[in-house]
*Asks:* 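Have a look at this one before I ask anything.
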Amino acid sequence: MRRHCSTTTTSAAWWNSRHPCGHRHRHGIIQSNARVGCCLSGMTAPLTLNVRSIHRTLQRATADYFRTLGIDQSFTISSSSLKSKYRHLMKDLHPDRHADLSQEDKSQKSLEATNVTRAYSVINNPLSRALHLLDLWGASIDESNNSIIDPKCLLRVMEMREAVEQASTDEQLKPLLQSCQSKQKEVIDALTIAFREKKVEDAKYLTASLQYWSKIEERIRDKISSI
């Protein structure tokens, strides 16, 4: 297999139309690792996970998040179908539908809603979805594992990181961000093949390299927002 050194987007996400719960939101942007309440429905919005919060979330995982959402284990996911599934589950778990239940049963429904929200946040993100699949396959990788990364890929990562740290204006940072993003489809396509063909070592390599590039993208976005 030809190995790719690529990226994905895991930082801030724009919610400028409709929230997955089906209601319109007035929130402009949901920051990484933030928990935002749905202003119109009372439900909790899905988390937008950065690399570190992805690992914290998966470390707490005690369930198969694919099963939580009622979908098959697969890296290939339709975003629209996943969002529709999430909205359907959250509609059934909405507090207004369970107003007559006992407090204990209400608490159980609230816990189920929290689990569904966490599952959606993990499965909706390509990096956390890949990490979760590897966990379920008994082939976990941690946040700092670089032993499975090709040295040439690590060199590219180090060069990009150095360029990011030296950049001091939006004009310098935006091309670096575009350079990272241009490789997103490449790595996701490669991961799709690796997971479909059950090539665990290839999937581990690609997921680890995706993780490194994601960290760089987060750093670029942080610098752009602070300038």
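Just so you know, residue 1 is the first one in the sequence shown, and it goes up from there. On a predicted model such as this, the values are computed, not experimentally measured, just so you know.
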*Asks:* Under a single-linkage definition using a 4.5 Å side-chain heavy-atom cutoff for Ile, Leu, Val, Met, Phe, Trp and Tyr, are Ile193 and Ile188 assigned to the same hydrophobic cluster?
*Replies:*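 No; Ile188 is not reachable from Ile193 via cluster members.
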*Asks:* In the structure I gave you, are the side-chain heavy atoms of Met158 and Tyr212 within less than 4.5 Å of one another anywhere?
*Replies:* no
*Asks:* Side-chain heavy atoms under 4.5 angstrom apart, residues restricted to Ile, Leu, Val, Met, Phe, Trp, Tyr: same cluster for Trp137 and Ile77?
*Replies:* yes
*Asks:* Taking the side chain from Ser209 and the backbone from Tyr205, do they hold a donor-acceptor pair closer than 3.5 Å?
*Replies:*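 Side chain of Ser209 to backbone of Tyr205, a donor-acceptor pair under 3.5 Å: yes, one is there.
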*Asks:* Between Arg97 and Leu93, is there a side-chain heavy-atom distance shorter than 4.5 Å?
*Replies:*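 Answer no - side chains too far apart.
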*Asks:* Do you know the tightest heavy-atom contact between Leu191 and Ala203?
*Replies:* CD2-O, 3.7 Å
*Asks:* Hydrophobic clustering (ILVMFWY, side-chain heavy atoms < 4.5 Å, transitive) - are Val122 and Leu82 grouped together?
*Replies:*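 Yes; Val122 is reachable from Leu82 via cluster members.
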*Asks:* Could you tell me whether Arg161 and Glu165 make a salt bridge, using a distance below 4.0 angstrom between a side-chain N and a carboxylate O?
*Replies:*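 No, Arg161 and Glu165 are not salt-bridged.
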*Asks:* With distance as the sole test, does Lys223 use its side chain to make a donor-acceptor pair with the main-chain N or O of Ser168 at under 3.5 Å?
*Replies:*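 Not at all, since once roles are kept as given, no pair shorter than 3.5 Å links the two residues.
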*Asks:* Any chain of hydrophobic side-chain contacts (each under 4.5 Å) joining Ile141 to Leu136?
*Replies:* yes
*Asks:* Is any side-chain heavy atom of Thr207 closer than 4.5 Å to a side-chain heavy atom of Leu133?
*Replies:*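 Counting from C-beta outward, Thr207 and Leu133 never come under 4.5 Å.
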*Asks:* Can a donor-acceptor pair be found, under 3.5 Å and without considering hydrogens, that links the side chain of His132 to the backbone of Asp64?
*Replies:*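 No.
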*Asks:* Group every Ile, Leu, Val, Met, Phe, Trp and Tyr by side-chain heavy-atom contacts under 4.5 Å, then state whether Leu155 and Trp213 land in the same group.
*Replies:*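 Different clusters: Leu155 never reaches Trp213 through Ile, Leu, Val, Met, Phe, Trp or Tyr contacts under 4.5 Å.
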*Asks:* Has Ser128 got a side-chain atom pairing as donor or acceptor with Asn125's backbone, closer than 3.5 angstrom?
*Replies:* yes
*Asks:* For Thr117, is there any backbone N or O sitting under 3.5 Å from a side-chain donor or acceptor partner on Ser121?
*Replies:* yes
